[in-house]
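Accompanying notes for the structure given below.
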Amino acid sequence: MGDNYGIVNSGSGSINADAMAAGRGARAVSGGGSAQLQDLQTQVSALLAALREAGGSGEIDGDVVETGELVEQELGKERPNKRTILGLLQGIASGVTQVAHLATAVTDIQAAVSALF
């Protein structure tokens with residue numbers, strides 16, 4: 001079999017990359033993901049607003065809202081910690097299991113965090 005300088009993705013595999021290159025001498029340069037981080041921050045802000053609304057109506061406990069605020073604070077740091085964010089999101093997920101739209105939003109944000117960091 002000869003040399004292969006390409007990228008092969010088959011079956012149920014997936015690729016999520018900021019920059020990707022293939023071939024002899026190929027280079028990939030990442031823009032740092034700032035647009036993706038801004039998108040994530042927007043998603044978290046929307047989630048936090050929904051958590052506050054659900055907390056105000058008694059659908060979820062107030063500590064879930066506080067945890068959402070901690071996620072927002074962590075994302076605002078110069079170097080957000082992926083493990084911290086994912087741990088906080090797991091706590092939120094366990095507190096919103098009975099509220100489908102919130103559970104879905106948390107799952108989407110967890111996937112975005114895993115892909116970004």
Side-chain angles (χ1 to χ4, degrees):
M1 184 167 183
D3 292 340
N4 180 352
Y5 295 102
I7 297 170
V8 177
N9 184 20
S10 63
S12 62
S14 65
I15 297 173
N16 187 338
D18 186 31
M20 184 183 305
R24 187 182 305 256
R27 293 179 28 163
V29 178
S30 171
S34 62
Q36 292 91 343
L37 180 58
Q38 288 175 354
D39 289 344
L40 178 58
Q41 289 169 326
T42 299
Q43 286 180 307
V44 169
S45 292
L47 173 64
L48 187 53
L51 290 174
R52 288 180 175 137
E53 183 177 328
S57 68
E59 288 182 277
I60 61 171
D61 292 333
D63 63 334
V64 177
V65 178
E66 291 173 14
T67 305
E69 292 168 349
L70 293 173
V71 171
E72 186 174 60
Q73 289 172 13
E74 185 65 30
L75 278 174
K77 292 182 178 178
E78 185 175 326
R79 296 188 67 188
N81 185 300
K82 175 183 177 178
R83 290 184 182 149
T84 300
I85 295 168
L86 289 175
L88 292 168
L89 287 170
Q90 188 60 42
I92 294 170
S94 67
V96 299
T97 56
Q98 300 300 318
V99 187
H101 72 280
L102 294 177
T104 300
V106 172
T107 300
D108 292 346
I109 292 170
Q110 287 172 318
V113 168
S114 293
L116 182 59
F117 296 107

| note | Distance col, row Asp63:CG vs Ile92:CD1, nearest 0.5 angstrom, shows 10.0 Å
| field | CG on Leu75 to CG on Leu116, rounded to 0.5 Å | value | 8.5 Å
| said: Under the side-chain hydrogen bond (donor to acceptor under 3.5 Å, both in side chains) definition, can you give me all pairs with a residue in residues 91-104, not counting sequence neighbours? | reply: none
| Closest non-hydrogen atom pair, Gln110 against Ala93 | NE2-CB, 4.4 Å
| said: Looking at every heavy atom in both Ala54 and Ser57, which two are closest together, and how far apart are they? | reply: O-OG, 3.2 Å
| field | Interatomic distance, Phe117 atom CZ to Leu86 atom CG [nearest 0.5 angstrom] | value | 9.0 Å
| field | Carboxylate-amine/guanidinium proximity below 4.0 Å for Glu74 and Arg83 | value | no
| query | Which value, rounded to the nearest 0.5 Å, describes the distance between Gln90 atom CD and Thr67 atom OG1? | reply | 12.0 Å
| If you measure from NZ on Lys77 to OG1 on Thr84, what distance do you get to the nearest 0.5 Å? | 6.5 Å
| task | Search all heavy atoms of Ile60 against all heavy atoms of Gly95 and return the closest pair with its distance. | result | CG2-O, 3.6 Å
| Of Leu88, Ile85, Leu48, which is the lone residue that meets side chain to side chain contact (heavy atoms under 4.5 Å, CB included) with Glu72? | Leu48
| Which value, rounded to the nearest 0.5 Å, describes the distance between Ser114 atom OG and Ile109 atom CD1? | 12.0 Å
| Can you tell me if CD on Glu53 sees more than 12 non-hydrogen neighbours from other groups inside 6.0 Å? | no
